[in-house]
Engineer: 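Take this structure first; my questions come after.
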Amino acid sequence: MNRFFDLCREFQDYGSSGKGAALELPVLPQELRFYFREMESYNNWDIPFCHGKYIFVYMLSGNRTVNIGDCSFFLEKGDVILIPPFARHVFCGEKLPFQSLMAAFTLPEKDERLQFICKRKFHFRRHELKNLEMAAKCFHRWKHGELFAGEEAVCYFALLLRQLQNMVL
């Protein structure tokens, strides 16, 4: 995990109880899984899901609708949404071509700040997008046999989660 501490240097220091600066490390996600969704390979269209993981959705192209509970969100290219654990959700709408990068993950404890941004549509800035791209690339390398790349994927995704937690919506 040495790479993790190198990555954590990207975080800004902030005041802690007026006694100097402190560095808060990100919470490491557990059971992180990345996957791509395309209309052609998405066979479970209009089937509701509900499980104990966060579902992160980043639209690469096209558009689609996601219903979370009683709310509907229309996602277009570049849109990001985070679905909280145990939320009933379904991807639906017209069967138009789309492509999205998704991740399913759990956290070791409840995170109030991450819960705050759930079920809101937002866009990434360049630095956030860079961390997502790096996490996805590392995860791909891990799937092809590079053991330490999986650790890096978790680290980059942890950085991304910290950036999301500090987002003001």
Engineer: Is there a side-chain contact between V66 and F74 in this structure, where contact means two heavy atoms from C-beta onward sitting under 4.5 Å apart?
Structural biologist: no
Engineer: Are side-chain heavy atoms of K53 and Q30 found at a separation under 4.5 Å?
Structural biologist: no
Engineer: Taking the six-membered ring where the residue is Trp, are the ring centres of F34 and F157 under 6.0 Å apart?
Structural biologist: yes
Engineer: Check this for me, if you would: do E133 and K130 make a salt bridge, where the nitrogen-to-carboxylate-oxygen distance has to be below 4.0 angstrom?
Structural biologist: no
Engineer: Do you know which two heavy atoms are closest between C138 and E152, and how far apart they sit?
Structural biologist: SG-CB, 3.7 Å
Engineer: With heavy-atom distances below 4.5 Å as the criterion, would you say the side chains of V80 and F56 are in contact?
Structural biologist: yes
Engineer: Give me the atom names and distance for the closest heavy-atom approach of L32 to A153.
Structural biologist: CD2-O, 4.0 Å
Engineer: Just wondering, do Y54 and L114 contact through their side chains at under 4.5 Å, heavy atoms?
Structural biologist: yes
Engineer: Could you go through the side-chain contact (heavy atoms from CB on, under 4.5 Å) check for Q163 and N131 one step at a time?
Structural biologist: CA-CA 10 Å; Q163 289 169 325; N131 282 332; 3.2 Å; yes
Engineer: Do you know which two heavy atoms are closest between C118 and I83, and how far apart they sit?
Structural biologist: SG-C, 4.3 Å
Engineer: Supply the atom-to-atom distance R141 CZ to F148 CZ, rounded to the nearest 0.5 angstrom.
Structural biologist: 12.0 Å
Engineer: Hey, does F139 have a side-chain heavy atom less than 4.5 Å from the side chain of K137?
Structural biologist: no
Engineer: Are any of the side-chain nitrogens in E76 or R64 under 4.0 Å away from the carboxylate oxygens of its partner?
Structural biologist: no
Engineer: Given Q165 and D111, is the side-chain contact (heavy atoms from CB on, under 4.5 Å) satisfied, shown in steps?
Structural biologist: CA-CA 9 Å; Q165 289 168 331; D111 194 301; 2.5 Å; yes
Engineer: Just how far is it from atom CG of D79 to atom CG of L60, taken to the nearest 0.5 Å?
Structural biologist: 11.5 Å
Engineer: Between F91 and V57, is there a side-chain heavy-atom distance shorter than 4.5 Å?
Structural biologist: yes
Engineer: Once rounded to the nearest 0.5 Å, what's the spacing between atom CZ of R113 and atom CG of L161?
Structural biologist: 11.0 Å
Engineer: Find out whether P29 and T106 are in side-chain contact, i.e. whether some heavy atom of one side chain is under 4.5 Å from a heavy atom of the other.
Structural biologist: no
Engineer: For T65 and L75, run side-chain contact (heavy atoms from CB on, under 4.5 Å): C-alpha distance rounded to whole Å, both residues' side-chain angles, the deciding distance at 0.1 Å, then the answer.
Structural biologist: CA-CA 6 Å; T65 302; L75 304 179; over 6 Å; no
Engineer: What pair of heavy atoms forms the shortest contact from P85 to Q115, and how long is it?
Structural biologist: CD-NE2, 3.7 Å
Engineer: Provide the closest heavy-atom pair for H140 versus H144 in the form atom of the first, atom of the second, distance.
Structural biologist: O-ND1, 2.9 Å
Engineer: Does R120 make a cation-pi contact with F116, if we ask for NZ or CZ under 6.0 Å from the ring centre and within 45° of the axis?
Structural biologist: yes
Engineer: Once you round to the nearest 0.5 Å, how far does CD of E128 lie from CG of L164?
Structural biologist: 6.5 Å
Engineer: Between I81 and Y58, does the side-chain contact (heavy atoms from CB on, under 4.5 Å) criterion hold? Intermediate values first, please.
Structural biologist: CA-CA 7 Å; I81 198 163; Y58 175 73; over 6 Å; no
Engineer: Write down the atom of F98, the atom of M59, and the distance for their closest heavy-atom approach.
Structural biologist: CB-CE, 4.0 Å
Engineer: Is there a side-chain contact between K119 and C71 (heavy atoms, below 4.5 Å)?
Structural biologist: no
Engineer: With rounding to the nearest 0.5 angstrom, report the CG to NZ distance, N63 to K77.
Structural biologist: 12.0 Å
Engineer: To the nearest 0.5 Å, what is the distance between CZ (R33) and NZ (K143)?
Structural biologist: 11.0 Å
